[in-house]
Amino acid sequence: MIETNGMTSARARAPKQTAPEIDPRIAAFGNALEQLRQEVEQQIGESDAEHIRRIGKLSARLEILGRSLLQLSFEPIGFSLGTAALWAHKTLELMEIGHMALHGAYDGLPDAERYQSKAFAWKAPIDESSWKQGHNVRHHQYTNIAGKDPDLDFGALRLSARIPYKPIHALQPVANFFSWMGFTTAINLHVTGILDVYLKQGTSDQLQHPSRGQVRKAQRTFLSKQLRYYAREYGFFPALAGPFFPKVLLGNMLSELGRDLFAAAIIYCGHVGADDFPAGTEPPTRADWYALQARAARDVEVPEWVSILCGGLDLQIEHHLFPRLPPNRLRQIAPRVREICAEHGVKYQSDSWPRTLRSVVSELYRLRKASASVAA
């Protein structure tokens, strides 16, 4: 034995580590994606900043148009156009702008200060710091891995047969539909930890038996953003209309409902029904991680203008492979990612939005039963 100051050397007693066995096909797949990533990252610059500034200006104009029409309209056409414009504004702010800004997609870009992830203020009822931890770190790092990805099991939602069955899961898919009607609030409940501390979810003892301080912190974090956001939408702007308060309130409520239903309908399509993995799954190499991300997501085929409203989340495979790429770049590289997957035999799921949505509803219905088995 080698001794150092009376202590046995850690190196001397440590067992030899065996290098993970590398699948040549997956290694080649990883190398191809790395080359693509490096190529695209070298191109990111002024054109990407211009894209998000243009989308930001469009969103601001839609907000002005929508709120003005709601305040001034005295007939159904103006009211409907105002509600639609406000819906488009809120959808852009949630998806193409906010989601990707908090991923850091626009960090360091010239003249894009508003969209820097550290200081970004999301025009949605979701706490920014909680989202970055729950979504960017936990979900993206452990996509569709049971026991690690928090998005597989929250509230009454069971999105994988690998999640242990609970009686509340029998409410699917009805519970899912109602959660879609308040989707952003459901997300805020999820990422701030409210669902964990009240429904005793999660695998750690800390979540099963939360302290009083944890409960209070979760409550403060959730309510802080929630109350500020909805006081503005359901209090301040309707109050500006004076006697027409109910009309403006209704328009704001419909725009919120439309945004939430639209976002849920595209986001659920990205993972529900894709491959999921047992607890303890740990990709041994970066290439294996890429392969897992491709298998754990699926794309939805939509026109480009719909993809912009979706914030690129119609391209979940590309987004999970390269989560910090701006959505305009995801649209650019999608054909090449599909080709790389086909060339190396890695599963790449893509279909129309209606067919994908039907399969999602079918899978949610299947998972409502304790007998639901892991898909082959």
Side-chain angles (χ1 to χ4, degrees), residues 52 56 59-60 62-63 66-67 86-107 113-140 150-151 154-155 157 178-199 201-202 207 210-240 248-249 251-264 266-267 311 313 323:
I52 192 55
S59 176
L62 285 168
E63 180 178 22
R67 297 199 189 281
L86 197 55
W87 165 80
H89 155 70
K90 291 179 179 182
T91 301
L92 288 173
E93 290 291 333
L94 179 70
M95 310 289 271
E96 185 89 354
I97 296 172
H99 169 249
M100 293 310 303
L102 290 175
H103 264 293
Y106 310 117
D107 286 0
E113 290 77 11
R114 180 204 158 190
Y115 310 103
Q116 307 302 295
S117 60
K118 287 186 178 180
F120 181 77
W122 207 350
K123 287 187 177 180
I126 305 171
D127 179 69
E128 295 86 354
S129 61
S130 299
W131 167 269
K132 285 190 281 189
Q133 177 63 30
H135 179 77
N136 296 3
V137 177
R138 297 177 65 197
H139 169 62
H140 271 270
D151 289 4
F154 65 98
L157 313 184
F178 281 107
S179 75
W180 290 16
M181 296 180 72
F183 189 60
T184 50
T185 292
I187 290 175
N188 203 30
L189 285 166
H190 177 41
V191 299
T192 57
I194 291 288
L195 294 177
D196 289 337
V197 299
Y198 281 105
L199 299 181
Q201 294 190 162
L207 289 179
S211 68
R212 191 172 298 176
Q214 284 179 289
V215 175
R216 284 199 298 266
K217 181 180 178 183
Q219 291 171 336
R220 284 196 305 270
T221 305
F222 170 78
L223 289 173
S224 174
K225 188 62 185 283
Q226 201 78 11
L227 292 177
R228 283 184 287 117
Y229 179 83
Y230 282 114
R232 179 174 177 265
E233 293 299 314
Y234 296 164
F236 176 73
F237 284 113
L240 293 179
V248 175
L249 175 63
N252 282 7
M253 292 176 68
L254 290 174
S255 67
E256 291 283 316
L257 175 63
R259 177 205 58 203
D260 283 3
L261 287 173
F262 181 90
I266 193 65
I267 289 171
L313 294 185

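Keep in mind that this is a model prediction, so the values were computed, not measured.
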Evaluation steps, side chain to side chain contact (heavy atoms under 4.5 Å, CB included), between Thr185 and Phe222:
CA-CA 9 Å; Thr185 292; Phe222 170 78; 4.3 Å; yes

Between the side chain of Asn188 and the main-chain N/O of Asp127, is any donor-acceptor distance below 3.5 Å?
yes

Salt bridge Arg259-Glu93, side-chain N to carboxylate O under 4.0 Å:
no

Heavy-atom pair of closest approach, residues Tyr115 and Phe120
CA-CD1, 4.0 Å

Which heavy-atom pair separates Gly134 from Pro150 by the least distance, and what is that distance?
O-CG, 3.9 Å

To the nearest 0.5 angstrom, please state how far the CD atom of Gln226 sits from the CG atom of Leu223.
7.5 Å

Rounded to the nearest 0.5 Å, what separates atom CD1 in Ile267 from atom CD1 in Ile187?
5.0 Å

Could you tell me which residues satisfy ring pair (Phe, Tyr, Trp, His ring centres under 6.0 Å) with His89, sequence neighbours excluded, listed by chain and number?
none

If you round to the nearest 0.5 Å, how far is CZ of Phe154 from CG of Leu189?
9.5 Å

What one should report as the nearest heavy-atom pair of Ser59 and Ile97 is CB-CD1, 4.0 Å

Looking only at heavy atoms, what is the nearest atom pair of Glu96 and Gly311, with distance?
OE1-CA, 3.1 Å

Judged by atom type as modelled, is there a donor-acceptor pair below 3.5 Å linking the side chain of Arg228 to the main-chain atoms of Ser224?
yes

Answer whether the closest heavy-atom distance between the side chains of Tyr234 and Leu249 falls below 4.5 Å.
yes

Quick check against the 3.5 Å criterion: does Glu233 have a side-chain atom that pairs as donor or acceptor with the backbone of Asn252?
no

Applying ring pair (Phe, Tyr, Trp, His ring centres under 6.0 Å), can you list everything that pairs with Phe237, at least two apart in sequence or on another chain?
none

Under 6.0 Å from the NZ atom of Lys217, do we count more than 12 heavy atoms belonging to anything else shown?
no

Which atom names give the shortest non-hydrogen contact between Leu94 and Ala124, and what distance separates them?
CD1-CB, 3.9 Å

Are the side chains of Tyr229 and Thr184 in touch, meaning some heavy atoms are under 4.5 Å apart?
no

For side-chain hydrogen bond (donor to acceptor under 3.5 Å, both in side chains), just list the numbers for Glu256 and Tyr230, CA-CA rounded to whole Å, side-chain angles, deciding distance to a tenth of an Å, and then say yes or no.
CA-CA 10 Å; Glu256 291 283 316; Tyr230 282 114; 3.2 Å; yes

Verify, without hydrogens or angle tests, whether Lys225 (side chain) and Pro125 (backbone) share a donor-acceptor contact under 3.5 angstrom.
no

Has the side chain of Gln116 got a donor or acceptor atom that lies under 3.5 Å from a matching backbone atom of Tyr106?
yes

If we ignore hydrogens and angles and just use 3.5 Å, is the side chain of Trp87 paired with the main-chain N or O of Gly258 as donor and acceptor?
yes

Steps toward side chain to side chain contact (heavy atoms under 4.5 Å, CB included) verdict (Arg114, Ile52)
CA-CA 10 Å; Arg114 180 204 158 190; Ile52 192 55; over 6 Å; no

According to side-chain hydrogen bond (donor to acceptor under 3.5 Å, both in side chains), who are the partners of Thr192, at least two apart in sequence or on a separate chain?
none

Looking only at atom types and distance, does a side-chain atom of Asn136 sit under 3.5 Å from a main-chain N or O of Leu102, one as donor and one as acceptor?
yes

Contact between Arg67 and Leu86 at the side-chain level, heavy atoms closer than 4.5 Å - yes or no?
yes

Ignoring hydrogens and angles, tell me if any N or O in the side chain of Lys123 forms a donor-acceptor pair with the backbone of Leu92 under 3.5 Å.
no

Out of His140, His135, Gln133, His139, which residue meets the side chain to side chain contact (heavy atoms under 4.5 Å, CB included) rule with Val137?
Gln133

Mind checking the CE-CG spacing from Met181 to Leu257? Nearest 0.5 Å is all I need.
5.0 Å

Of all the heavy-atom pairs spanning Ser255 and Lys90, show the shortest one and how long it is.
OG-NZ, 2.9 Å

